[in-house]
Amino acid sequence: MKSMIFAANWKLHKTPTESRQYLEDFFSLVKESDRKSFVFFPPAANWFVFADSNTRPAVLSWGAQNIFFEKTGAFTGENSADVLKAMGGTHCLIGHSERRRFFNEPSEWLIKKTQIAQSLGLMPLLCVGETIEERRAGQMEAILKEQLLSVVDQIPVGSPLWVAYEPVWAIGTGQVATPEQANEAHEFIRSLLDEKWGNSLARKIPLLYGGSVKSENAASLAAQSEIDGFLVGGASLKAQDFAAIFRESSKHF
Ligand code: PGA
């Protein structure tokens with residue numbers, strides 16, 4: 001029996017009113033004992049909706065799509081990990097491919113962001129994944145290794161970490177990785193972690209798959225041995241769709 005994690009990346013979607021409505025729908029669809037499997041990543045302007053205990057029973061985890069690597073200072077437009085923590089957030093995406101691509105985030109930043117998250121007791125969810133050009137050129141493993149180890153080598157062995165494999169070519173494209181492709185990449189990531197941290201610590205790190213996950217493909221992906229959860233963008237935007245992903249995946253745990 002495996003337990004799975006269902007993470008919703010809302011990206012730049014939803015007003016506070018829409019977020020509240022979503023949570024109401026979600027609570028009517030997912031029973032309380034199952035809600036601990038979920039983590040929501042709303043846009044920062046909606047954190048306060050999740051921080052409000054009237055709309056969010058304590059069991060529902062949430063976090064930031066991005067944090068800056070300094071807690072305070074002259075960094076216009078950035079999100080503070082300190083504020084996230086103070087508001088009850090528990091997780092943070094690090095190095096999502098859209099951050100790497102549109103905001104040119106270099107690995108030195110991702111290292112510092114992971115470190116500050118860990119220092120505050122926030123769980124970093126490091127995102128790695130190759131582009132279609134890199135996959136075609138046979139560079140998938142080299143890219144995953146570089147993106148993963150550039151961070152893992154700079155944090156203490158066994159420190160809190162989740163990893164998401166998100167092939168860039170599958171994000172928002174409707175072109176999901178096959179269960180075999182996803183599992184193969186996860187196996188490779190696990191083997192890298194195993195080499196660095198040893199088998200028992202490596203096995204404890206949840207490896208999430210992301211990229212066009214929806215209810216139609218969730219069951220076959222969830223059946224794979226190395227897939228411990230999903231990071232879902234588009235199909236997490238409607239509570240009904242996200243709950244359906246959970247329902248389909250539950251057939252495997
Ligand atoms: P998608 O996005 O599910 O819309 O492909 C996933 C992500 O970017 O985290």
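Both counts, for ligands and for their atoms, begin at 1 and track the order of listing. One-based numbering along the sequence shown.
Using cut-offs of 30° and 60° for the angle between ring planes, the Phe50 and Trp10 rings count as perpendicular. Using cut-offs of 30° and 60° on the angle between ring planes, the pair Trp62 and Trp47 is tilted. Between Phe246 and Phe38, the ring-plane angle classifies as tilted under the 30° and 60° cut-offs.
Phe40 and Tyr22 have their aromatic ring centers within a separation under 6.0 angstrom.
Residues with a heavy atom under 4.0 Å from ligand 1: Asn9, Lys11, His96, Glu166, Ala170, Ile171, Gly172, Gly211, Ser212, Leu231, Val232, Gly233, Gly234.
Salt bridge Asp153/Lys196: present, at least one basic N to carboxylate O contact under 4.0 Å. Here Arg247 does not pair with Asp34 in a salt bridge; the nearest charged N to carboxylate O distance is not below 4.0 Å.
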